[in-house]
J.: 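Attaching a single structure in structure tokens format; questions to follow.
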Amino acid sequence: MSHHVERAPGFVYSRVGKNIQRLSCERVSLLELARRFGTPLYVYSAQAIRERVQAFTQAFSDVEHLICYSVKANSNLGILRLLSDLGCGFDVVSGGEIERVRRLGQPACRKVVFSGVGKTVPEIEAALEADILMFNVESASELSVLARCAAKLKRRARIALRVNPDVSAATHPYISTGLQKHKFGVPLGEARKLYTRAAQSKYLQVAGVSLHIGSQITDYAPFAAAMEIAAELVRQLNRDGHRIRYIDCGGGLGIDYRHGQASHGQSISGYAEAIIGPLADLPLRLLLEPGRSIVGPAGVLLTHVLYRKINGEKKFVVVDAAMNDLIRPSLYQAEHQIVPVSISDCQPEIVDIVGPICESGDYFARDRSVPAVKEGELLAILDAGAYGMSLASNYNSRPRPAEVLVDRGRVRLIRKRETISDLLALERVGLKPT
Ligand SMILES: *Cc1c(COP(=O)(O)O)cnc(C)c1O
């Protein structure tokens, strides 16, 4: 088995017969999980997540830091509990995400940073009540609203301004966030003035500087460039009389969807060097907000082949998962590796792998060479742990998949499969007046 279709330590093949190899998750058979829980099914490896957190901890061991896992990458409570037990805090972007962390208990809330350009008053109040670590404020207006909410609740909010460093990162345009033309952060030139204003409110405590330049960035140079700019701002703010204790470096480290994580430890240490270098002479506590690089390779989406069909020149493999379950190929033209769970000696063929949804954008792979698979066979879509289930929808009235977390051979259903009744529960036909 060539290593690029495996995702150790979570997902590896083992030989089960003379010419047959099967993919398992921490030695639990994926065929068995699909039989037990049905498909489409998300399966996550706890060991893979742990290993990733340890790689970050190790790469940043020379500096004071806190990993604030970005909840939107995968917000399942079972995953958040695991990360909290590993000592992680959280980066949240909505009231719903704050509530998820609240369910983990008060100590988890104190390690929360709250980002987002459109925080509402109820969300801000919920964050103040939860006594979170820091608000990453994204505009002058938000700063005023936060000061008013904090005064009303008689609580002091620790704040950072999210600055827009105007750094370009080579990634998909939808997930690039660090340019002046993007909606995020405040322009660098306005930051000092806003910090001065914040320092005048007795309900705001200036605590940090934050930035986040985008997602799925695999080149370290933009990170280093952004940190140079942030470091310069921190020096300036300290000269202005503020006491900047935290630098929130954002998330965004990409993963290798094509070849897997063979080189991942290396990539985290390269990233750490890019981040730490520019901050070397500053006594700061680093906040890191990785999402994808923690959970991405730790999950697969299992799906059964429903039909094979040929339309003229093209061969299609129709599977029971669709863009509502995993939208990354349709939305970002992402290319996930797709592998049969059982491999014997079969010839590769060129196919499109598509879902049942009524639009042509519903595909997982186009003109892709994959081992020939039969109807009824089980496929695994790799690296689906981040922005998979968290972006899933009910389009075409399809219930969302179940999620399973495997931890050292123990299998936990961390989200039941939705039912059609769940989908309809909030709707009314509306013929009778209510
Ligand atoms: C989405 C997001 C992250 C996480 O990005 P990844 O690419 O998943 O690491 C971190 N911080 C903020 C503010 C975000 O919006």
Side-chain angles (χ1 to χ4, degrees), residues 49 52-53 55-56 59-60 65-75 79-80 83 88-94 96-98 101 111-119 123 127 132-139 142 159-165 167 169-179 182-186 208-220 222-223 226-227 230 246-257 264 267-268 271-272 274-275 286-299 328 331-332 334 383-391:
I49 293 173
R52 220 34 82 86
V53 170
F56 267 94
F60 286 90
H65 72 276
L66 174 65
I67 300 172
C68 294
Y69 165 76
S70 181
V71 172
K72 74 178 189 292
N74 186 321
S75 51
I79 304 272
L80 300 186
L83 287 162
C88 294
F90 300 98
D91 166 47
V92 303
V93 294
S94 73
E97 290 189 352
I98 292 170
V101 179
K111 294 183 182 175
V112 163
V113 292
F114 186 10
S115 308
V117 290
K119 303 179 188 77
E123 287 174 329
I132 65 165
L133 175 61
M134 196 162 79
F135 289 80
N136 288 336
V137 175
E138 303 216 16
S139 66
E142 182 192 332
I159 65 127
L161 285 181
R162 175 167 172 183
V163 292
N164 188 323
V167 178
T171 185
H172 192 280
Y174 291 178
I175 50 178
S176 173
T177 59
L179 282 176
H182 297 134
K183 67 183 175 182
F184 299 98
V186 300
V209 166
S210 100
L211 51 94
H212 170 72
I213 57 172
S215 195
Q216 185 52 19
I217 300 168
T218 49
D219 172 14
Y220 308 132
F223 291 117
M227 294 324 291
Y246 295 98
I247 178 118
D248 184 334
C249 311
L253 177 62
I255 60 174
D256 188 343
Y257 284 97
H264 199 87
S267 111
I268 292 183
Y271 168 76
I275 296 279
L286 269 59
L287 303 176
L288 306 165
E289 300 176 346
R292 185 193 313 270
S293 52
I294 301 275
V295 292
R328 298 193 66 264
L331 187 60
Y332 307 123
D383 302 314
Y387 305 104
M389 186 61 174
S390 63
L391 271 165

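Only a predicted model underlies this, so the values are computations on that prediction, with no experimental measurement involved. Read the numbers this way: they start at 1 and go in the same order the structure lists the ligands and their atoms.
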J.: Would you give the length of the straight line joining atom OG of Ser115 to atom CD of Glu289, rounded to the nearest 0.5 angstrom?
T.: 4.5 Å
J.: Which protein N or O atoms sit under 3.5 Å from any N or O of ligand 1? Give atom names and distances.
T.:
residue  : atom   : partner : partner atom : Å
ligand 1 : 7 (O)  : Ser215  : OG           : 2.3
ligand 1 : 7 (O)  : Gly252  : N            : 3.4
ligand 1 : 8 (O)  : Arg292  : N            : 2.8
ligand 1 : 8 (O)  : Tyr387  : OH           : 2.6
ligand 1 : 9 (O)  : Gly252  : N            : 2.8
ligand 1 : 9 (O)  : Gly291  : N            : 2.9
ligand 1 : 11 (N) : Asp91   : OD2          : 3.1
ligand 1 : 11 (N) : His212  : ND1          : 3.4
ligand 1 : 11 (N) : Glu289  : OE1          : 2.5
ligand 1 : 15 (O) : Lys72   : NZ           : 2.7

J.: Please check if the side chain of Tyr69 supplies one atom and the backbone of Asn74 the other of a donor-acceptor pair under 3.5 Å.
T.: yes
J.: Hey, what do you get for SG (Cys68) to CG (Leu286), rounding to the nearest 0.5 Å?
T.: 11.0 Å
J.: Got a sec, which residues hit side chain to side chain contact (heavy atoms under 4.5 Å, CB included) with Ala386, two or more places apart in sequence or on another chain?
T.: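 Ala386 satisfies side chain to side chain contact (heavy atoms under 4.5 Å, CB included) with Ala73, Arg292, Val295 once adjacent residues are dropped.
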J.: May I ask you to decide if the ring planes of His65 and Phe60 are parallel, tilted or perpendicular, using 30° and 60° as cut-offs?
T.: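 The rings of His65 and Phe60 sit tilted, inter-plane angle from 30° to 60°.
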J.: Does NZ or CZ of Lys119 lie under 6.0 Å from the centre of the six-membered ring of Phe114, at an angle within 45° of the ring axis?
T.: yes
